[in-house]
Structure formats: C-alpha cells, structure tokens
Amino acid sequence: MTAIPKPAVPYDSRYEVEEEGEQDTKAQLLQTLHGISATTYKDSGHATRSVHAKSHGLLRGHLNVLEGLAPELAQGIFGQPGRFEVVMRYSTIPGDILDDKVSTPRGLAIKLIGVQGVQLSSLDTDATGQDATTQDFVLVNGPAFLAPTAKKFLGSLKLLASTTDKVPRLKQALSSVLQGAEKALEAVGGESGTLKSLGGHPETHVLGDTYYSQVPILYGQYMAKVSVAPVSPELAALKGALIDLHDKPNGLRQAVMDFFARRSATWEVRVQLCRNIATMPLEDASVVWSEEESPYFAVARITALPQAGWSEALSRLVDDGMAFSPWHGVLQHRPLGSIMRVRKAAYQMSARFRFERTGHVMQEPAHLDDWPAS
C-alpha cells in the first residue's frame, strides 16, 4: 500500500467562495469565446472549438486502475481496480488552425468510457448526456493555471482572442521572437505563461510532456489535482525533445503519427491531494501546489497500442463528434473553484456551436465500436 505523507484535507464547501462579479465574468467569457468560434467559422466554413481547435494526436487506449491503493487515493472512479476504454486528444491552445511554427502550450483531453457513479449532467437541467457513463480530464502541460481568478482569466482570454484571424505569417514571426524571449527568461530560472500562450512555447514533442489539470477537482471526499505523465521508456525519452517544424505546418501531428506507427505507449495517471488548504487553495488557480508537501501518487495507467495516431476519419469522429469538458463526469470528481465554475457554460456553448453546424448530436459515447482502423 502506498505511504501517505500526511492526511488529506476533506472537502468543505466553505473553501469555495464566489468571486465578486463572477456572473458578469461568465457572461463576458461566453461572449469572447463565441466571438472566436464565429470568426474561425466565417473564415473556414468549418466549426471548431473556441480554444484548442487544432488536434495533433487522436488516440484510443485503455486505463487500468491500480490495485492496493491507499484509502485516500482509492476514491471516486479510482475506488477499486477496473478497466476503461479511453480517448486521448492532443491539441494546442488557439481557436484558429495555425502552422505549428506558432508554438503555444499543449493540451491533453482524456475521456474514460464506462465509469460508474452519479453523473454531473444528471443534476444539470441545461446539460445533455444525462445517461452518460464518461469521465473527462482536461489537462495542459504546466502545473498551474495562467491566471489566479476567473476575472484575470477573462483578461488573458481577451488578449488571445484579439489575435484570432490575424495574418498567419505575422503570427509565425511573432512566435519566433517570443520563443527567444522565453528561452532567455528560462535561462535565468524564470518562465512566462503569457509569452508561451501567445506563441513563445518551445518547439518540443507533444508526447514528451506531463499534463496537469492545473485547477482542482473533488476527489471523493477530498480535493486534488490530476496529472498524466509518460512512463514507457520510448515515450519518456521524448521529454524536452525538439522538433524541426520548418516548412512543416502539421509537424507535431506527423510526429505523433510516426511514433504510433510502430510503438506502444504507457502513461501514469497521478493524483496530488490537498493537504493544506492555506498553501493549496481552491480559489487561486495560479498557485502551484508544493510536491514536497503533497507528492503526486500514481492511481492508474493508460496504455495505447500502435495505431494511426491521427487521420481525417479520426478527426471527424473525435474533433467534430466529441466534446471534452471537466464537467463531463461523476459527482465525486466535480470541478472546484471560480475558473472551473465560469468555464462550465463556456464548454457547453462551444460544443453547442460546433454541433449545430456540423449536424452531430450532443451526446457522450458509450463505446468505441466505430473507431476508424486508420
């Protein structure tokens, strides 16, 4: 049984406090994201996500919950050993489809199929998929959120939205400058989430990163952040690996396809429990929870066998036909904090915008029987 350094803090509703003007922030957030979707749809004629529009990897796998977990870790869908079908979607932040030379932070959305428990959608009259048996984890390759509060997040999103529909070549030039600035900053021990979000992210392999929920969720009777880390040797070897993206507008996607053409991969799903509410708050998403105070512990493993990695058929199935949201899941893993609260309606709006224009039905998958062979 895994040793626990100190007791986890049980969830208490007092730890969640509505931010001043939160409802107005939510309304402005919806307006901003809808504007991004409307702009890109007008340009391309194809409805895409408001953010994380471009996919670089679309994978099918299985998640196995580990045996012998400590009671504090054996919570929610990880409460007992089990096996679930999994969809994984690698992406980058912008809402427009850009050349990969515009290098921004990467995302990993994961959908587990066949989970048991009370679905959040069953408690929400505005939601679809009340009969769902899914659990989503929406992750980014950094341990903390760009902004501390919903209002600050709105400001950052407006900055990102202002770059939508701008000249692609200028974006590439700006990205090159920002990457240089970020590299110089990191050389002296610094880092800028803003520089990275606007195009200053290093041109590294998407499969080599560890991805984080950044914001907390309920973890049964506790509170936690979630991460997914590469652990199979060939996958772990890609950590920090640079990719030549010159004249390769879809170079990240091709790198994923090349990897899975011949190789399997394994990731660990890890959980960091809140052990001190003062230093691990729910309402400041920019705080990195100390791993010395609360280490991440493995609760499951995801395995993906050799496969296409990405294809037009997979894109139609996953990019066009599926929605990923932290609010797709069971009550025992409800999202926490202002960032998560205001994003709930945003995820619903983005999915509705896409599905109304693509003709897809808004419902959660019950199986992967229609997964394309290539």
Side-chain angles (χ1 to χ4, degrees), residues 11-41 48-53 91 93-96 104-105 107 109 120-121 123-128 136-140 142-165 192-198 212-218 223 225 274 277 280-289 323-329 333-354:
Y11 171 78
D12 191 306
S13 60
R14 294 176 300 172
Y15 300 145
E16 288 192 273
V17 180
E18 183 168 325
E19 181 182 336
E20 182 179 355
E22 188 170 307
Q23 296 308 308
D24 180 61
T25 297
K26 180 171 71 173
Q28 291 189 56
L29 181 71
L30 288 172
Q31 182 180 26
T32 302
L33 289 169
H34 188 276
I36 294 174
S37 293
T39 297
T40 56
Y41 180 64
T48 57
R49 289 166 170 78
S50 304
V51 291
H52 290 278
S91 62
I93 282 179
D96 38 3
T104 60
L120 289 163
S121 58
L123 308 176
D124 185 353
T125 56
D126 294 328
T128 59
D136 290 3
F137 295 104
V138 179
L139 317 170
V140 179
F145 201 68
L146 174 65
T149 63
K151 187 172 292 186
K152 292 288 186 181
F153 169 51
L154 174 63
S156 299
L157 184 67
K158 285 182 175 180
L159 181 61
L160 180 65
S162 69
T163 69
T164 305
D165 201 31
S192 171
T194 299
L195 288 180
K196 287 184 175 181
S197 69
L198 293 175
Y212 301 83
S213 66
Q214 297 191 326
V215 282
I217 62 171
L218 273 180
M223 303 160 286
K225 293 186 179 184
C274 176
I277 195 63
M280 302 177 182
L282 302 187
E283 296 293 356
D284 185 345
S286 66
V287 173
V288 177
W289 289 7
F324 296 85
S325 166
W327 292 90
H328 291 164
H333 297 310
R334 176 176 64 83
L336 302 172
S338 68
I339 298 289
M340 287 293 213
R341 290 193 296 271
V342 301
R343 290 164 80 191
K344 178 182 179 182
Y347 280 107
Q348 292 173 340
M349 181 279 297
S350 179
R352 189 174 295 111
F353 184 96
R354 289 189 296 115

*For Glu19 and Glu283, run side chain to side chain contact (heavy atoms under 4.5 Å, CB included): C-alpha distance rounded to whole Å, both residues' side-chain angles, the deciding distance at 0.1 Å, then the answer.*
CA-CA 8 Å; Glu19 181 182 336; Glu283 296 293 356; 5.9 Å; no
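- Rounded to the nearest 0.5 Å, atoms CE (Met340) and CZ (Phe153) are 11.0 Å apart.
- Looking at Ser350, its side chain never comes within 3.5 Å of a backbone N or O of Ala346 through a donor-acceptor pair.
- Remark: the Tyr347 side chain and the Arg352 side chain contain no N/O donor-acceptor pair separated by less than 3.5 Å.
- Residues forming a side-chain contact (heavy atoms from CB on, under 4.5 Å) with Ala351 (at least two apart in sequence, or on another chain): Ala323, Arg354, Phe355, Met362.
- Residue Gln31 places its CD atom among 12 or fewer non-hydrogen atoms of other residues, nucleotides or ligands, all under 6.0 Å distant.
- Contact between Phe324 and Val138 at its shortest, heavy atoms only, is C-CG2, 4.2 Å.
- Side-chain N/O atoms of Thr149 and Ser338 include no donor and acceptor closer than 3.5 Å.
- Within the 4.5 Å cutoff, no side-chain heavy atoms of Tyr212 are placed close to those of Leu139.
- Using a 4.0 Å cut-off between a side-chain N of Lys or Arg and a carboxylate O of Asp or Glu, Glu16 and Arg341 qualify as a salt bridge.
- In this structure, Val288 and Ala144 approach most closely via the heavy-atom pair CG2-CB, 3.5 Å.
- In this structure, Lys225 contributes its side chain and Val215 its backbone to no donor-acceptor pair below 3.5 Å.
- Asp284 has its side chain out of reach of Phe145: every pair of non-hydrogen atoms, C-beta onward, lies at least 4.5 Å apart.
- For Asp136 (side chain) and Ser325 (main-chain N/O), a donor-acceptor pair under 3.5 Å exists by modelled atom type.
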